[in-house]
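Convention: sequence-line order gives letters A, B, ...; per-chain numbering from 1.
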Amino acid sequence: MKQLSALARQSSDLAASSLPILPSLSKLQQLAAGRRLAGSRELHALLLTSGLLSSSPAALTSLISLYSNSSSPVDALAAFSSSPNPPNLVAWNAAISALSSNSLSADALRLFRRLRTNPALSPDRFTFPCIIKALTDLGDIIEIRKIHALLFKFGLDSEIFAASAVVNAYLKMEFVDCAEKVFHDLPERDVVIWNSMVNGFAQTGRFTEAKEYFAEMLREGIVPTGFTITGVLSVFTSTADFRAGRRIHAFVVKTGCDLYVSASNSLIDLYGKCHGLEEAELVFESMLERDVFSWNSMISASQYSGDHVKALQLFGRMLLAGVQPDAITATAILPAISQIAALASGQETHAYLLRHGITNGDVFLDNALIDMYAKCGSIDDARVLFDQMPQQDLASWNIMIDAYASHGRGQDALELFNSMTAAPNEVTIVGVLSACSHGGMVEAGREIFRRMEAGEYGISPAAEHYLCMVDMMGRAGMLEAAKEIAAKAEGAAGAKGWRAYVTACKEKGEVDRAVEVAERVVEMEPEWSGGWVMAANAYGWAGKYEELAAVRGQMRRKGVRKVVGCSWVEVAGDGVHAFVTGDKGHPRAEAIYAAVHGIAGWVRDGGCVE
DNA sequence: ATAGGGTTAG
């Protein structure tokens with residue numbers, strides 16, 4: 001109360017200068033809503049000084065709901081508690097609502113219990129929806145059942161607002177029979193309670209029921225809303241039923257029902273996940289209003305389609321639009337940065353996340369950061385972050401082991417692997433095997449592979465593991481052993497295994513061995529251009545030009561094209577530059593090629609061979 | 001004067 005009077009003194013001058021003497025309450029509300037929290041405080045001060053707060057119960061309730069709508073539940077509760085007169089039931093309801101709609105569920109429950117001890121007041125049809133919502137957030141099924149019984153006691157069991165909240169609660173906690181009973185016992189059902197059924201089933205993975213209720217809802221002639229569309233789209237996205245998702249989009253366009261922001265977001269998500277980048281963009285660009293979900297879904301859609309540059313551009317637009325990124329934005333954007341190895345951008349993004357307190361304790365985000373630092377070459381920074389994590393998950397271990405592997409630090413990878421507190425999975429084993437391979441640690445690698453074959457990790461060797469072993473043996477010059485392992489791998493991995501073997505044969509000058517299996521790669525994976533190129537190269541090394549010409553001829557006839565290699569480099573203060581093989585398009589191409597030749601010369605002079 | 005339902009991540 002002391003604080004409030006001080007506040008009143010402070011802002012009464014301001015209020016007096018900008019407002020006529022006691023305008024109507026609704027006018028005040030409009031002004032306050034426009035100015036959000038500051039406006040609410042101004043109104044609060046004015047109501048106190050004018051005495052309106054003690055004479056009008058409506059004034060107190062309006063004030064509580066204003067604070068609630070400006071996301072200030074604590075101020076709402078303070079106004080409620082400091083009321084000069086005992087608050088009436090409407091004020092109690094507004095206060096409970098302020099807490100429950102601002103995620104202060106436990107406080108909402110406490111306030112509700114205090115209301116129950118008040119002999120003069122009983123909860124009504126406005127109280128129940130709020131308290132049920134709070135209990136749903138708390139996941140308290142025991143309390144939900146008690147409150148449900150209480151609804152009958154007060155004769156409010158046919159109230160559709162309370163029933164919607166109850167249905168929502170039961171479905172979230174997978175009490176399907178209870179939810180359906182409440183739903184069917186109602187004398188009338190509106191679109192909201194239908195939405196509760198559809199979305200409740202959708203969220204708990206009961207996709208069939210969700211679709212059935214949606215279909216039934218349409219049969220009953222209920223007009224769907226943006227809430228319905230969002231829920232039903234999430235079903236089709238989860239089940240990868242993109243054609244049905246498209247049909248929903250068409251339905252929305254045809255019936256002209258408003259999409260609202262969330263339903264548009266769900267469409268972007270759907271199109272993003274079915275590689276319909278253009279359609280996702282179409283929806284995104286046509287939105288009049290975008291929230292953080294819109295941006296996150298759109299950035300992820302670029303990301304799924306592999307367009308890292310577009311993802312980064314979108315991120316820039318997001319910041320310009322003044323939308324605050326969150327941890328999900330960061331996990332979507334960091335892989336794009338990693339892909340183009342833009343360390344400066346990565347550091348900048350990390351600093352931004354730290355400044356805005358977005359990093360706190362999100363395992364996904366920490367993993368993305370570790371991966372980014374490792375892929376951008378800053379492996380020791382990656383390790384510092386890894387060690388600082390309060391709790392690493394399996395992905396963290398895998399990322400860090402992979403990081404050491406790709407930096408040729410086999411010993412560090414092996415040490416990390418041996419100190420693992422979590423059980424490894426197949427990805428972990430691939431990482432540690434490739435670390436042994438790149439680090440030339442054949443014996444350690446063979447030992448892990450042997451243990452794997454003996455079932456020690458509970459994982460049986462898969463294609464990738466064979467591939468790692470071929471690579472490892474090949475690099476160590478154990479070509480016969482490499483060949484034996486390549487012969488064990490099948491399918492696409494078999495082809496890659498043979499390619500690894502062929503590469504190793506060439507490295508070791510055993511071109512005859514390479515020629516012997518050159519076409520096996522093509523036989524196994526004729527669609528893969530890499531196999532054809534490999535075969536042609538092998539014949540070239542051995543000087544078998546007739547065979548080489550034959551392979552090239554077949555490649556032409558079949559239209560096999562070599563995929564052009566592409567790389568990026570980040571220049572401090574000058575952004576990211578992309579290059580493809582033989583690229584002369586860069587404004588400073590001449591200087592760049594001169595520098596490359598210079599570096600190649602130093603490397604040769606330093607005694608390095610290919 | 002006060003009330004119920006929704007989307008995104010390795």
Side-chain angles (χ1 to χ4, degrees), chain A residues 25-26 29 56-66 68-69 76 80 87-98 100-101 123-134 136 156 159-169 171-172 190-200 202-203 224-235 237-238 259-270 272-273 291-301 303-304 326-335 338 362-368 370-371 393-396 398-399 427:
Chain A
L25 199 63
S26 66
Q29 278 183 334
S56 157
L60 174 64
T61 305
S62 302
L63 187 60
I64 294 170
S65 91
L66 269 173
S68 173
N69 291 332
F80 172 79
N88 62 17
L89 182 61
V90 184
W92 275 90
N93 290 345
I96 295 171
S97 162
S100 70
S101 57
D124 67 358
R125 67 198 167 97
F126 288 89
T127 325
F128 280 100
C130 301
I131 193 60
I132 295 165
K133 179 184 158 78
T136 310
L156 298 170
E159 282 295 329
I160 199 154
F161 277 69
S164 303
V166 169
V167 158
N168 180 44
L171 285 182
K172 283 216 170 97
D190 65 3
V191 65
V192 173
I193 198 155
W194 277 101
N195 287 347
S196 299
M197 293 305 281
V198 173
N199 292 340
Q203 282 161 34
T225 65
F227 279 80
T228 330
I229 302 300
T230 309
V232 85
L233 278 176
S234 83
V235 170
T237 304
S238 304
L259 269 179
Y260 307 100
V261 176
S262 298
S264 300
N265 294 348
S266 304
L267 269 178
I268 295 171
D269 183 44
L270 173 94
K273 285 185 176 149
D291 61 10
V292 66
F293 281 82
S294 326
W295 289 99
N296 287 352
S297 303
M298 194 59 229
I299 290 172
S300 303
Q303 197 61 9
Y304 294 129
D326 60 12
I328 290 165
T329 323
T331 54
I333 209 70
L334 284 168
S338 310
D362 186 312
V363 179
F364 277 65
L365 181 50
D366 283 340
N367 289 346
I370 293 169
D371 199 39
D393 69 0
L394 183 55
S396 326
N398 291 349
I399 289 165
V427 179

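Relative to the side chain of A/Phe364, the nucleotides B/dG10, B/dG6, B/dT7 differ in distance, and B/dG10 lies closest. In the set B/dG6, B/dA3, B/dT2, the nucleotide with an atom closest to the side chain of A/Ser262 is B/dG6. Each of B/dG6, B/dA9, B/dA1 was ranked by its minimum atom distance to the side chain of A/Lys273; first place goes to B/dA9. You'll find that the side chain of A/Ser97 is closest to B/dA3, out of B/dG4, B/dA3, B/dG10. For A/Ala94, taking side-chain heavy atoms from C-beta onward, the closest of the listed nucleotides B/dT2, B/dA9, B/dA3 is B/dT2. Candidate nucleotides B/dA3, B/dA1, B/dT8 were compared by shortest atom distance to the side chain of A/Phe161, and B/dA3 ranks first.
In this entry the distance linking OH of A/Tyr304 with P of B/dA9 reads 5 Å, nearest Å. One can place NZ of A/Lys133 at 15 Å from C1' of B/dT2, the figure rounded to the nearest angstrom. Distance CG (A/Asp366) to C1' (B/dA9): 14 Å, rounded to an integer number of Å. For A/Tyr260 and B/dT8, the OH to C1' distance is 21 Å, given to the nearest whole Å. In this structure, the CG atom of A/Asp326 is 8 Å from the C1' atom of B/dT8, given to the nearest Å. Protein atom CG of A/Leu233 is 13 Å distant from nucleotide atom C1' of B/dT8, rounded to whole Å. Going from atom CD1 of A/Ile333 over to atom P of B/dA9 covers 15 Å, rounded to whole Å. In this structure, A/Phe126 places its CZ atom 8 Å from P of B/dA3, rounding to the nearest Å.
Counting atom types as modelled, A/Asn93 pairs no side-chain N or O with a base atom of B/dA1 as donor and acceptor under 3.5 Å. The base of B/dG10 sits within donor-acceptor range of the side chain of A/Asp393, with an N or O pair under 3.5 Å. Between the side chain of A/Thr61 and the base of B/dA1, at least one donor-acceptor pair of N or O atoms lies under 3.5 Å. On a pure distance criterion of 3.5 Å, a polar donor-acceptor pair joins the side chain of A/Asp190 and the base of B/dG4.
Between A/Gln203 and B/dT7 there is a side-chain polar atom (N or O) within less than 4.0 angstrom of OP1 or OP2. Phosphate proximity of B/dG6 to A/Lys172: present, with a side-chain N or O under 4.0 Å from OP1 or OP2.
Under the side chain to side chain contact (heavy atoms under 4.5 Å, CB included) criterion, A/Ser234 pairs with A/Ala202, not counting sequence neighbours. Taking the side chain to side chain donor-acceptor pair (under 3.5 Å) definition, one finds that A/Asp362 meets it with nothing, sequence neighbours left out. Considering only residues two or more places apart in sequence or on other chains, A/Asp269 meets the side chain to side chain donor-acceptor pair (under 3.5 Å) condition with A/Lys273. Residues satisfying the ring pair (Phe, Tyr, Trp, His ring centres under 6.0 Å) criterion with A/Phe227, sequence neighbours excluded, are absent altogether.
Base contact: A/Ala395 has a heavy atom under 4.0 Å from a base atom. Among the atoms of the strands shown, base atoms are found under 4.0 Å from some heavy atom of A/Ser164. Counting non-hydrogen atoms under 4.0 angstrom, A/Asn199 reaches the backbone sugars and phosphates but no base. Residue A/Asp362 is in base contact, counting any heavy-atom pair closer than 4.0 Å across all strands shown. Within the nucleic acid shown, A/Thr230 comes within 4.0 Å of at least one base atom, counting heavy atoms only.
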Can you check side chain to side chain donor-acceptor pair (under 3.5 Å) on A/Asp326 and A/Thr329, steps first, answer last? CA-CA 5 Å; A/Asp326 60 12; A/Thr329 323; 2.9 Å; yes
Go through it in stages, so that I can follow the logic: the residues are A/Ser396 and A/Asp366, the test is side-chain contact (heavy atoms from CB on, under 4.5 Å), and I'd like the CA-CA distance, side-chain angles, deciding distance and then a yes or no. CA-CA 8 Å; A/Ser396 326; A/Asp366 283 340; over 6 Å; no
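For DNA chain B, the neighbouring residues in residues 294-301 of chain A, judged by any heavy atom under 4.0 Å, are A/Asn296.
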Tell me which donor-acceptor pairs under 3.5 Å the side chains of residues 125-134 of chain A have, and how far apart each pair is, sequence neighbours excluded?
residue	atom	partner	partner atom	Å
A/Thr127	OG1	A/Asn93	OD1	2.8
A/Thr127	OG1	A/Asp124	N	2.8
A/Thr127	OG1	A/Asp124	O	3.4
A/Thr127	OG1	A/Asp124	OD1	2.9

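Between A/Ser68 and A/Ser101 the shortest side-chain heavy-atom distance falls below 4.5 Å. Between A/Leu334 and A/Leu365 the shortest side-chain heavy-atom distance falls below 4.5 Å.
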